[in-house]
Amino acid sequence: MALRVIFMGTPEFSVPTLSRIVADGHQVLAVYTRAPKPAGRRGLEMRPSPIHAEAERLGLTVYTPKTLRSPEMSAQMLGHGADVAVVIAYGLILPLPILNSPRLGCLNLHASLLPRWRGAAPIQRAIMAGDQETGAMVMRMDEGLDTGPVALTDRIPITAQMTGGDAHDLLSQRGAVLMAKALSELEQGRLTFHPQDSDGVTYAHKIDKSECHINWALPAQEVCNHIHGLSPFPGAYFEADFGKGLERVKVLRASLIQGQGSPGQVLDEALGIACLTGAIRLNEVQRAGKAPMQAAEFLRGTRLSPDMKLS
């Protein structure tokens, strides 16, 4: 027997799971997402969230409340008569009356190996910290921040060249499969939960713009982790003068190389850059207003020669 589901999510990361739930034959009673935001230079056009667009494509009813903290919203949620709510990167806090509205509670898909990296930016923080693995977990939500008991886990290794974008896309797809399995087991009364460990709790705070400037005065491995964790968005960057004043350049992919020099020093004609210890090579970059490009293409249009110093 199919479950009666409320879906709550906003970004692209959530879309594969919504699509999978519908494809598996569950009845999606309502979709809750963030309200459309102004788009374009003048902000005259309102752009719906990725989940909003997918829900409309699937013919589902969409709600975009600014808050869930009202008696009216609690009554609305209870009125759906849902078996379960599936919550993925929704963006609004669910108060206790909302959490208790579905008959079987609220399931959340979180992109980390809890209790490590609770919070807003778990994928980026795992790579930036040099973690060897990450993953997705299905947990039952409670009033805490990602503190609920866990039912299912899918682990993936973080490879040397994996970026935040790579991990995001992989976990988005793997997470959809994991949530589908959780709903199937829930439907059959076989989904079990276990409390999170009390040790190893860390918080994945939202990425601040001030963190994006590359600090060459760190070991090469840390610089590489920083670059990959923030790629492709918001993007780690350096600044250099190519003859028309300082220009900001995002670095999307890098690799470790042999070399040494003053931090930020250009070591060769192939974008080898010295760090505090060791060096890295910039493999893919993006100039302001331009598309991402490989190092060779970037060097054809810039003056970045050995012994130059990057900020």
Practice item. Dump the intermediate steps for side-chain contact (heavy atoms from CB on, under 4.5 Å) on Ile280 and Ile227, then the final yes or no. Key: CA-CA 11 Å; Ile280 67 171; Ile227 288 169; 3.7 Å; yes
Quick check: are there more than 12 heavy atoms from other residues, nucleotides or ligands sitting under 6.0 Å from [atom1] of [X]?
X	atom1	result
Glu269	CD	no
Lys37	NZ	no
Gln132	CD	no
Ile93	CD1	no
Gln260	CD	no

One pair to check against salt bridge (Lys or Arg N to Asp or Glu O under 4.0 Å): Lys250 and Glu284. What are the steps and the verdict? CA-CA 9 Å; Lys250 288 184 180 181; Glu284 185 178 3; over 6 Å; no
Rounded distance [0.5 Å steps], [atom1] in [X] versus [atom2] in [Y]:
X	Y	atom1	atom2	value
Ser231	Gln124	OG	CD	10.5 Å
Leu267	Cys275	CG	SG	8.5 Å
Asp142	Thr147	CG	OG1	3.5 Å
Leu60	Leu18	CG	CG	6.0 Å
Lys209	Ile207	NZ	CD1	13.5 Å
Ile156	Met162	CD1	CE	4.5 Å

Salt bridge or not for [X] and [Y], using N-O below 4.0 Å?
X	Y	answer
Arg174	Asp154	yes
Glu297	Arg300	no
Lys181	Asp24	no
Arg116	Asp131	yes

Can you check whether [X] reaches [Y] side chain to side chain, under 4.5 Å on heavy atoms?
X	Y	answer
Pro122	Arg118	no
Glu185	Leu183	no
Arg155	Leu113	yes
Leu109	Val86	no
Met139	Leu107	no
Leu94	Met8	yes

If I compare all heavy atoms of [X] with all of [Y], which pair ends up nearest, and what's the gap?
X	Y	value
Asp268	Leu271	OD1-N, 3.3 Å
Pro115	Asp199	CG-O, 3.3 Å
Asp208	Ser210	OD2-OG, 2.6 Å

Donor-acceptor under 3.5 Å ([X] side chain, [Y] main chain):
X	Y	value
Ser262	Gln265	no
Thr134	Ser112	no
His226	Met128	no
Arg103	Ala82	no
Ser172	Phe13	yes
Thr302	Phe298	yes
His205	Gly119	no

Exercise: do [X] and [Y] side chains pair donor with acceptor under 3.5 Å:
X	Y	value
Glu54	Ser19	yes
Tyr32	Gln76	yes
Thr33	Ser49	yes
Asp169	Gln173	no
Glu56	His52	yes

TODO: Tell me, with the steps shown, if Tyr63 and His80 meet ring pair (Phe, Tyr, Trp, His ring centres under 6.0 Å).
DONE: CA-CA 12 Å; Tyr63 297 91; His80 291 306; 5.7 Å; yes
* Give the cluster check for Met308 versus Val223: same hydrophobic cluster or not, with ILVMFWY residues linked at side-chain heavy-atom distances below 4.5 Å. => yes
Exercise for the section: Assess whether side-chain contact (heavy atoms from CB on, under 4.5 Å) is satisfied between Asn108 and Met137, documenting all intermediate values. Expected result: CA-CA 8 Å; Asn108 175 244; Met137 285 184 159; over 6 Å; no
(Q) Can you classify the ring geometry of Trp216 versus Phe238 as parallel (below 30°), tilted (30 to 60°) or perpendicular (above 60°)? (A) tilted
Kindly determine whether Lys309 and Val266 satisfy side-chain contact (heavy atoms from CB on, under 4.5 Å), including the steps that lead there.
CA-CA 6 Å; Lys309 192 77 172 290; Val266 180; over 6 Å; no
Notebook entry, point to check: When you look at Thr163 and Leu252, which way does the side-chain contact (heavy atoms from CB on, under 4.5 Å) test go after all the steps?
Noted result: CA-CA 8 Å; Thr163 66; Leu252 304 179; over 6 Å; no
